[in-house]
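Order of appearance sets the numbers: ligands from 1, and atoms from 1 within every ligand.
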Amino acid sequence: MSIRKLKAAIRDVPDFPKPGILFKDITTILKDPVLFRAAIDLFAKRHKDKGIKKVAVIDARGFLFGSALAYKLKAGLVPIRKKGKLPYRTFEESYDLEYGSATLAVHEDAFEPGEPVLLIDDLLATGGTAQASARLIERAGGKVVEIDFLIELGFLKGREKLTAYSVFAPIVF
Ligand code: AMP
């Protein structure tokens, strides 16, 4: 299965969730058994036997890829969620959006000190979400080994916010 086939399957939805945004819809990959497996295997091969102890997944589409990946890597799974969703004590990080701001949270006891963590989301846009998530992992004691996305919107230069980290994104628009 080639990356080209995965890329071709991503559906562009104009003006969602608001005018001017071209939304990259990955449900077209999720619903296809061959493509979904291929997407997970892409990351699983990359990190197999590399000592990843936890996969941290970003609310909400990061959950879809990251949980299958954690299972495959025999790693634990840690959700990074929008503020107010996690039940126990949390660390929180706020970051700027195009309009206003957002806050993400992680449980304080999600990681063992210094343990290797892989951070996963579906798509890298401006990088604010991933940057805040990486900070949360660090505040909770984890070590960010890499930040992986299925898709990168290169023209938004999100990597510039993530220069402190190794970043991998096989599909670039
Ligand atoms: P950012 O913080 O700008 O990098 O935004 C990344 C987050 O927003 C990810 O969780 C993506 O799922 C979502 N996102 C941003 N832009 C798009 C887009 N054009 N298509 C699909 N998802 C997007």
Taking atom 15 (C) of ligand 1 as the point of reference, which of Ala60, Ala125, Ser133 owns the nearest heavy atom?
Ala125

Measure the spacing between CG of Leu118 and NZ of Lys54 and express it to the nearest 0.5 Å.
13.0 Å

Which residue owns the protein heavy atom closest to atom 20 (N) of ligand 1, what's the atom, and how far is it?
Lys24 N, 2.9 Å

Residue, atom and distance of the protein heavy atom nearest atom 4 (O) of ligand 1 read Gly127 N, 2.7 Å

Is Lys7 close enough and on-axis enough to Phe173, meaning under 6.0 Å and within 45°, for cation-pi?
yes

Before signing off on this row, confirm whether Tyr95 and ligand 1 have an N or O atom pair separated by under 3.5 Å.
no

Is atom 8 (O) of ligand 1 close to the protein, meaning a heavy atom under 4.0 Å from it?
no

Which residue and non-hydrogen atom of the protein lie closest to atom 2 (O) of ligand 1, and at what distance in Å?
Thr129 OG1, 2.5 Å

Nearest to atom 14 (N) of ligand 1, what protein heavy atom do you find, and at what distance?
Leu123 CD2, 3.7 Å

Ligand-side contact atoms (ligand 1) for residue partner Arg61, heavy atom cut-off under 4.0 Å
11 (C), 12 (O), 13 (C), 22 (N)

Test of understanding: clusters of I, L, V, M, F, W, Y form through side-chain heavy atoms closer than 4.5 Å, transitively. Do Leu104 and Val117 belong to the same one?
yes

Taken to the nearest 0.5 Å, the spacing of Glu93 CD from Arg135 CZ works out to 5.5 Å

Counting only heavy atoms not in Lys53, do more than 12 sit closer than 6.0 Å to its NZ atom?
no

Give yes if a backbone or side-chain nitrogen or oxygen of Leu22 is under 3.5 Å from a nitrogen or oxygen of ligand 1, and no if not.
yes

Please round to the nearest 0.5 Å and tell me the distance separating atom CZ of Arg89 and atom CD of Glu108.
4.5 Å

Examine the proximity of ligand 1 to Asp122 and report which part, side chain or backbone, both or neither, has a heavy atom under 4.0 Å away.
side chain

For atom 3 (O) of ligand 1, find the nearest protein heavy atom and state the residue, atom name and distance (0.1 Å precision).
Thr126 OG1, 2.5 Å

Greater than 12 external heavy atoms within 6.0 Å of Lys18's NZ
yes

As a check for students: among Leu153, Val13, Leu156, Asp121, identify the option with a heavy atom nearest to atom 10 (O) of ligand 1.
Asp121

Measure the acute angle between the ring planes of Phe36 and Phe65, then classify it against the limits of 30° and 60° as parallel, tilted or perpendicular.
tilted

